[in-house]
Amino acid sequence: MSNKIIDGKLISSEIREKVKKFGSQLKNKTGKVPGLAVVLVGENPASRVYVKNKIEKTIEVGFNSIEHKLSEKVSENELIDLVDKLNNDENVQGILVQLPLPEHVNSDKILDRIKPEKDVDGFHANNVGKLWSGLNSLVPCTPLGCSILIKKISKDLSGKHAVIIGRSNIVGKPMAALLLEMNATVTICHSRTKDLESVCKNADIIVAAVGIPEMVKSNWIKEGSIIIDVGINRIERDAKKILVGDVDYDDCLTKCSLITPVPGGVGPMTIACLLLNTLLASYPQFNQPTPDLSSILE
Ligand code: NDP
């Protein structure tokens, strides 16, 4: 493996080990085990795979996994009732509603119904507001995973220019808040950005979260830059179905200083951070002081 690769698979497995250790200490102290409830609506094949992985990894770290698989036809009110039930269930410390939800359901309404203290996806408006105010909060899993990978390289990004491609609530926007916390100078790009290529050429760090296969090429990046590729795109190449990121990995490898591969980069970090968030959410619910994230990760 090239020494330029940021090995998300390895780092995520280390995080899961730490979550398991802290979870077991919490159980010894309180007699309680953190529980993560996952709600899956419909038959979206990608969502089913994500949920299956999440459940497996939840059980592996010794947490309780509570699953609710609902028909595509479930009504908004039925979903709200389920969220209310999980909000009030003392065996559930974290609630994750797998997106996307069917079109007849207002996703924002469902996500905002989850109690902020059980919102392990970090999508509730309270948690979003806290993140942007620099207060302790549950942070969306994918950008949290990216920030942990970046902190492995450098904890302080003073004087560094970070460019994020994508402004979604799930990745791009929270990523910007986390990079600002690390003192980076942050530029957020999106589909209306003019001359994206030259913006990227000035970046010391690029976080690509677009959903366009291999969009970022070597002639877009600065020599020695750090590339975090969030994209997960299923494409067909040489009659084989493969996963590629939003960055042209082979093309950029020689020019960048560090890069996350796809698969094996950001993807596994997302699940590890979901478990980390479930652990963090459990302390106050079990009336215990919450340790610093850095003390769990060190
Ligand atoms: P969204 O579709 O919600 O957002 C995509 C963003 O990219 C939007 O802000 C959009 O701009 C921008 N964009 C689209 N086209 C261009 C373009 N040509 N130039 C510049 N910007 C553009 O996607 P997500 O944020 O949810 O996901 C992004 C990628 O990350 C996907 O590949 C997804 O599969 C992957 N992903 C991976 C995860 C993981 O665990 N590794 C978790 C979540 C997502 P605008 O706002 O103007 O439309």
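Counting starts at 1 for both ligands and their atoms, in listed order.
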When hydrophobic residues are tied together by side-chain contacts of less than 4.5 Å, even through go-betweens, does V97 share a cluster with I66?
yes
Indicate if L86 and F286 have the same hydrophobic cluster label, given that clusters are the connected sets of ILVMFWY residues with side-chain heavy-atom separations under 4.5 angstrom.
yes
Please confirm whether G267 approaches ligand 1 to less than 4.0 Å, judged on its heavy atoms.
yes
If we only consider heavy atoms of C189, is any one of them less than 4.0 Å away from an atom in ligand 1?
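False for this residue.
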Where K118 and D89 come nearest, the two heavy atoms and their spacing
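So the minimum-distance heavy-atom pair works out to NZ-O, 2.9 Å.
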Between S225 and I205, is any pair of side-chain heavy atoms under 4.5 Å apart?
no
Kindly determine whether R234 and K241 satisfy side chain to side chain contact (heavy atoms under 4.5 Å, CB included), including the steps that lead there.
CA-CA 7 Å; R234 287 172 179 75; K241 288 203 166 83; over 6 Å; no
If hydrogens are left out, which of G8, S168, P100, C200 has an atom nearest to atom 26 (O) of ligand 1, that is, the closest non-hydrogen atom?
S168
Closest to atom 29 (C) of ligand 1 (judged by heavy-atom distance), picking from G211, G265, C146, A208:
G211
Relative to ligand 1, is T193 under 4.0 angstrom through side chain, backbone, both or neither, heavy atoms considered?
neither
Before signing off on this row, confirm whether T270 and ligand 1 have an N or O atom pair separated by under 3.5 Å.
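In this structure, T270 places an N or O atom under 3.5 Å from an N or O of ligand 1.
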Polar-atom distance check: I232 versus ligand 1, any N or O pair below 3.5 Å?
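Between I232 and ligand 1, an N or O pair is found under 3.5 Å apart.
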Please test E56 against K52 for salt bridge (charged side-chain N to carboxylate O under 4.0 Å, His left out), starting from the C-alpha separation and ending with a verdict.
CA-CA 6 Å; E56 275 173 18; K52 185 172 165 278; 3.3 Å; yes
